[in-house]
Protein chains: 2
Amino acid sequence: MAIARTVDRRLFFLFNRAHTQLAKFADYHLAGSSGVSTSQAAVLTYLGYHDGCRLSDLANGVGRNNSAITGLVSRMEKLRLVSRKKTLDGRSRAVYLTDEGWRLREIVREDFRSFNEKLTRGLTESEVDAVIKFLNLSIENVAPQDK
Amino acid sequence: MAIARTVDRRLFFLFNRAHTQLAKFADYHLAGSSGVSTSQAAVLTYLGYHDGCRLSDLANGVGRNNSAITGLVSRMEKLRLVSRKKTLDGRSRAVYLTDEGWRLREIVREDFRSFNEKLTRGLTESEVDAVIKFLNLSIENVAPQDK
DNA sequence: CTATATTATTTCACATCTGAAACAATAGAG
DNA sequence: CTCTATTGTTTCAGATGTGAAATAATATAG
């Protein structure tokens with residue numbers, strides 16, 4: 001109890017620490033296969049399901065704000081992984097995967113398959129469920145005020 | 001089963017998503033109280049336990065590489081939260097909290113107390129244990145190769 | 001003691017993120 | 001139709017992170 005208490009107090013730091021490690025690990029592996037970053041991999045993955053979506057939908061989909069997406073997509077466009085195109089509504093622009101984008105997406109998928117598997121190694125099914133519950137709750141509990 | 005399977009495949013993205021939300025939330029709250037960032041809060045916290053440690057110990061303690069710490073400590077020094085001092089070994093430098101650093105650390109501690117509590121809201125004790133196990137495993141499983 | 005290796009920190013180039021402000025274009029009120 | 005509000009994207013300044021290379025100082029081999 002006392003121990004659990006102590007650990008609870010550090011939960012956020014523990015979470016951060018784990019995130020740092022996982023991100024480095026993921027980037028290391030992606031660098032060796034597809035050569036893209038974790039952020040770019042998220043874009044490739046999302047676009048596979050929503051090719052041609054607007055920039056802000058992409059932002060929403062990968063959980064970043066619009067200005068982050070502007071830069072990310074610009075760098076990926078330079079790498080010829082995606083392309084921006086006009087839409088009917090002149091304010092927005094749509095993003096599409098290029099052939100190369102689709103190709104790398106497949107490689108990325110393979111990477112994450114084994115990566116995610118490794119993440120649950122050593123955990124029982126109900127422990128994995130608890131983790132997933134925790135992550136989902138974190139996202140909700142702490143959602144943007146009301147607004 | 002099939003559902004769990006699907007979720008497993010997205011575990012890393014889910015994790016990332018939760019991290020983004022939590023980090024924004026933490027930064028938002030810290031900004032309103034102590035005014036420091038999450039990274040700076042980690043430094044304040046660590047130094048409270050290891051005041052006067054070397055820069056690389058601090059880097060190790062908060063889980064960042066040395067070059068990140070150089071910048072972080074420099075900015076914090078400019079804010080008068082910490083100060084660098086010479087050590088016996090001329091290669092290294094020690095970092096100390098200033099009075100203001102100690103003061104803010106207390107505020108930060110209070111913030112994290114309620115924040116961490118909020119993180120476990122809605123979870124049973126065994127679910128929290130599973131989460132902690134998962135985080136610790138993530139840090140280990142995925143540790144720097146062998147090297 | 002000198003040449004070389006190791007260790008600690010910093011610098012550099014650059015990716016990524018954030019919030020706030022600037023722009024651009026459509027929508028809506030009168 | 002025109003003025004104003006809203007919406008979508010980009011720009012800007014600045015914090016944070018990474019790995020690689022540069023510096024600086026101690027340690028060690030011969």
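Quick note: numbers below take in every heavy atom, side chains included, and nothing from hydrogens, waters or symmetry partners. Residue numbers begin at 1 in each chain, while the letters A, B, ... track the order of the sequences.
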Report task. Rounded to the nearest angstrom, tell me the gap between atom CG in D57(A) and atom P in dG8(D). Result -> 8 Å
Query - E77(A) CD to dA15(C) C1', straight-line distance once rounded to whole Å - result: 17 Å
Report task. Give the C-alpha distance, both sets of side-chain angles, the deciding distance and a yes or no for salt bridge (Lys or Arg N to Asp or Glu O under 4.0 Å) between R113(B) and E117(B). Result -> CA-CA 6 Å; R113(B) 225 184 293 282; E117(B) 195 186 283; over 6 Å; no
Report task. Could you tell me whether the phosphate oxygens of dT7(C), OP1 or OP2, come under 4.0 Å of any side-chain nitrogen or oxygen in S92(B)? Result -> no
Requested in this report: Establish whether the base of dG17(D) is bridged to the side chain of S67(B) by a donor-acceptor pair shorter than 3.5 Å.
Outcome: no
Report task. Check whether any side-chain nitrogen or oxygen of R91(A) sits under 4.0 Å from OP1 or OP2 of dT9(D), and answer yes or no. Result -> no
Query raised in the report: Relative to each other, are the rings of F15(B) and F15(A) parallel, tilted or perpendicular (30° and 60° limits)?
Result: parallel
**Report entry** OP1 or OP2 of dG19(C) under 4.0 Å from side-chain N/O of R64(A)
**Finding:** no
Report task. State whether R75(A) places a side-chain N or O below 4.0 Å from either non-bridging phosphate oxygen (OP1 or OP2) of dT16(C). Result -> yes
Report task. Indicate whether OP1 or OP2 belonging to dA15(D) is found under 4.0 Å from a side-chain N or O atom of Q40(B). Result -> no
Query - First encountered from the 5' end of DNA chain D, between I69(B) and S74(A) - result: S74(A)
Report summary line: The answer to which of T70(A) and T20(A) contacts DNA chain D further toward the 5' end, by nearest nucleotide, is T70(A)
Report task. Would you tell me if any nitrogen or oxygen in the side chain of S56(B) comes within less than 4.0 Å of OP1 or OP2 on dT9(C)? Result -> yes
Report task. Please check the phosphate of dA8(C) (OP1 and OP2 only) for any side-chain N or O of R54(B) closer than 4.0 Å. Result -> yes
Query - Any N65(A) side-chain N or O less than 4.0 Å from OP1/OP2 of dG19(C) - result: yes
Report task. Using whole Å, report how far NE2 of H19(A) lies from P of dT16(C). Result -> 13 Å
Query - Any side-chain donor near an acceptor of the partner, H19(B) and N16(A), under 3.5 Å - result: yes
Query raised in the report: Are any of the side-chain nitrogens in D27(A) or K24(A) under 4.0 Å away from the carboxylate oxygens of its partner?
Result: no
**Report entry** Short side-chain N/O contact to dA24(D) OP1/OP2 from R93(B), under 4.0 Å
**Finding:** no
Requested in this report: Identify the residue among F112(B), Y49(B), Y46(B) that makes a ring pair (Phe, Tyr, Trp, His ring centres under 6.0 Å) with F13(A).
Outcome: F112(B)
**Report entry** Given dT9(C), dT18(C), dC17(C), the nucleotide with the shortest approach to the side chain of K24(B)
**Finding:** dT18(C)
Requested in this report: Nearest whole angstrom, please: distance from the P of dG19(D) to the CZ of F25(A).
Outcome: 14 Å
Query raised in the report: How is S37(A) classified with respect to the nucleic acid when contacts are heavy atoms under 4.0 Å: base, sugar-phosphate, or nothing?
Result: sugar-phosphate
**Report entry** L55(A) CG to dT7(D) P, straight-line distance once rounded to whole Å
**Finding:** 17 Å
